**Q** 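Take a look at the following structure, please.
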Amino acid sequence: MKILVVGGGGREHALCWKLAGSPLATKIYCAPGNPGIAAVAECVEVSAADVAGLTDLAVSRDVDLTVVGPEVPLTLGLADLLAGRGRLVFGPGREAARLEGSKVFAKEFMRRHGIPTADFEVVESLAAARRAVARFGLPAVLKADGLAAGKGVLIPRDEAELEAALRELFVARRFGAAADRVVVEECLAGEEVSLIAVSDGRRLRRFATAKDYKRIGEGDTGPNTGGMGAHSPSAVLPEEAAAGLERQVLQPVVDGMAAAGHPFVGVLYGGLMLTAAGPRVLEYNVRFGDPECQPLMLRLAGDLLPVLLGAARGDFGAARLEFDEGAAACVVLASAGYPATPAKGDVITGLDDLPRTRESVLFHAGTSRRGDGSVVASGGRVLNACGRGADLGEALARAYALADAVDWPAKVLRRDIGRRILDPGTGV
Ligand code: AMP
Ligand code: GLY
């Protein structure tokens with residue numbers, strides 16, 4: 001089979017790496033890919049947002065299955081375009097992708113289907129937002145309706161922060177049309193966990209639990225990022241509890257989408273808060289989490305391709321997901337200034353002398369190759385140092401050893417990924 005993976009970050013490197021090991025795969029393309037991905041797939045210069053170009057690529061190369069990494073092409077209808085040309089695709093169509101593409105759609109969907117989530121109101125003006133915040137109190141949670149690259153959630157803690165947030169959303173219009181509508185919701189407290197599963201439109205196959213670390217700074221401080229590290233298992237959610245949550249917050253989505261005539265095919269990712277009053281869904285994503293995908297691919301025993309293929313065909317059949325008993329971890333190496341304005345252009349050293357085992361794997365996230373052959377940092381999140389082991393301690397030790405083996409002047413990382421789990425009472 002010929003496979004096309006769409007995207008060019010660490011998540012897509014992990015997917016290509018895993019799929020390249022499948023006996024069913026004869027050729028893997030990645031668009032646009034990156035220099036790390038080029039070691040396991042043929043990279044083609046088509047942007048992940050160019051849905052017409054990607055569709056032409058899949059048709060002209062006679063691709064059997066397209067696997068979509070990021071959310072943007074899904075919300076732009078890539079899966080519908082591919083299906084219209086008779087191509088199998090792993091990823092939801094435009095309508096089902098609204099679960100991630102529109103916070104208002106997601107909240108109203110949850111309300112309609114009785115899925116537990118924070119109480120909320122949808123507002124379209126500064127004055128209405130102020131009234132809603134008065135009802136829910138501070139800290140308040142304000143969410144731009146549309147996609148905002150993970151930056152569209154504001155949580156002002158006091159009046160001054162609230163005024164600044166309202167100005168950003170409604171006056172400066174930092175999020176543009178994505179904030180034409182804003183969800184105001186109650187602020188929840190508790191442990192955050194992710195639930196990640198694959199759907200064939202009717203059923204789910206759940207991944208092992210994973211936890212990501214969203215804040216830039218150690219001790220969970222500073223601005224939210226796409227994620228500075230992750231590990232699997234999450235160590236905060238037992239597998240039995242995850243199975244219960246799957247029935248409570250993921251299966252109703254699959255059932256509701258099927259009933260609405262938009263079967264959900266692809267990754268369904270629930271971001272949950274475990275509150276004292278029970279679990280609440282914070283958000284749905286319609287694709288793998290990045291970096292959660294990376295440790296999950298390391299822990300996945302056996303072949304991924306039959307599961308993705310079954311989903312794309314609308315029936316898993318006997319295909320299932322199985323995981324190693326041990327653990328895997330990912331430490332994100334970013335460039336100083338991330339998430340706002342990361343430094344770019346530094347040459348990365350140490351890449352040629354890395355261990356190449358199944359236990360230590362370096363994925364590329366934001367790198368590019370210069371004319372002279374050197375690899376430079378070209379994104380906010382640059383590399384993902386991943387490790388696998390018998391337990392979380394071993395996995396993290398391998399990930400950090402790899403993280404220390406590569407360098408560039410602006411390299412930054414969190415040293416506390418998983419620390420609280422290894423040593424309760426410290427870290428986050
Ligand atoms: P979201 O994109 O909806 O997952 O929001 C991004 C982050 O904001 C989440 O990972 C949470 O840390 C935080 N968050 C979102 N909604 C709430 C809420 N209702 N209460 C508290 N924190 C929230
Ligand atoms: N790591 C969180 C996300 O991919 O949205």
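All ligand and atom numbering here is 1-based and tracks the order in the structure. Please read these numbers as outputs of a predicted model, since none were measured by experiment. The chain is numbered in sequence order, starting from 1.
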**Q** Any heavy atom of G271 closer to ligand 1 than 4.0 angstrom?
**A** no
**Q** As an exercise, identify every atom of ligand 1 less than 4.0 angstrom from a heavy atom of E185.
**A** 16 (N), 17 (C), 18 (C), 19 (N)
**Q** For the pair R206 and E246, evaluate salt bridge (charged side-chain N to carboxylate O under 4.0 Å, His left out) and give the outcome as yes or no after the intermediate values.
**A** CA-CA 8 Å; R206 189 166 42 81; E246 174 188 333; 2.8 Å; yes
**Q** Would you say E186 contacts ligand 1, with heavy atoms under 4.0 Å as the rule?
**A** yes
**Q** Can you check whether Y284 and F109 have ring centres sitting under 6.0 Å from each other?
**A** no
**Q** Atom 1 (N) of ligand 2: which of G226, G289, A210, G227 has the nearest heavy atom?
**A** G226
**Q** Which ligand 1 atoms, with their elements, are less than 4.0 angstrom from a heavy-atom of K103?
**A** 1 (P), 2 (O), 3 (O)
**Q** For ligand 1, which atoms have a heavy atom of K214 less than 4.0 angstrom away?
**A** 10 (O)
**Q** Does any non-hydrogen side-chain atom of L300 lie less than 4.5 Å from one of F323?
**A** yes
**Q** Under the 6.0 Å and 45° cation-pi test, does R111 pair with F120?
**A** yes
**Q** Give a yes-or-no answer on whether the side chains of T275 and R280 include a donor-acceptor pair shorter than 3.5 Å.
**A** no
**Q** Relative to the heavy atoms of D212, which atoms of ligand 2 are at a distance of less than 4.0 Å?
**A** 1 (N), 2 (C)
**Q** Relative to the heavy atoms of I155, which atoms of ligand 1 are at a distance of less than 4.0 Å?
**A** 8 (O), 13 (C), 14 (N), 22 (N), 23 (C)
**Q** Ignoring hydrogens, just give me the one of E71, E100, R287 whose non-hydrogen atom is nearest atom 4 (O) of ligand 2.
**A** R287
**Q** State the atoms of ligand 2, each with its element, that fall below the 4.0 Å cut-off from a heavy-atom position in E292.
**A** 1 (N), 2 (C)
**Q** Is it true that, when you exclude R358 itself, more than 12 heavy atoms of the residues, nucleotides or ligands shown sit nearer than 6.0 Å to its CZ?
**A** yes
**Q** With heavy-atom distances below 4.0 Å as the criterion, list the atoms of ligand 1 near M273.
**A** 21 (C), 22 (N)
**Q** With heavy atoms only and a cut-off of under 4.0 Å, state how V153 meets ligand 1: side chain, backbone, both or neither.
**A** side chain
**Q** Considering only heavy atoms of V141, which atoms of ligand 1 have at least one such atom less than 4.0 Å away?
**A** 16 (N), 17 (C), 18 (C), 19 (N), 20 (N)
**Q** Going by atom types alone, do S194 and K211 pair a side-chain donor with an acceptor below 3.5 Å?
**A** no
**Q** Checking the N or O distance criterion of under 3.5 Å, is ligand 2 in contact with D290?
**A** yes
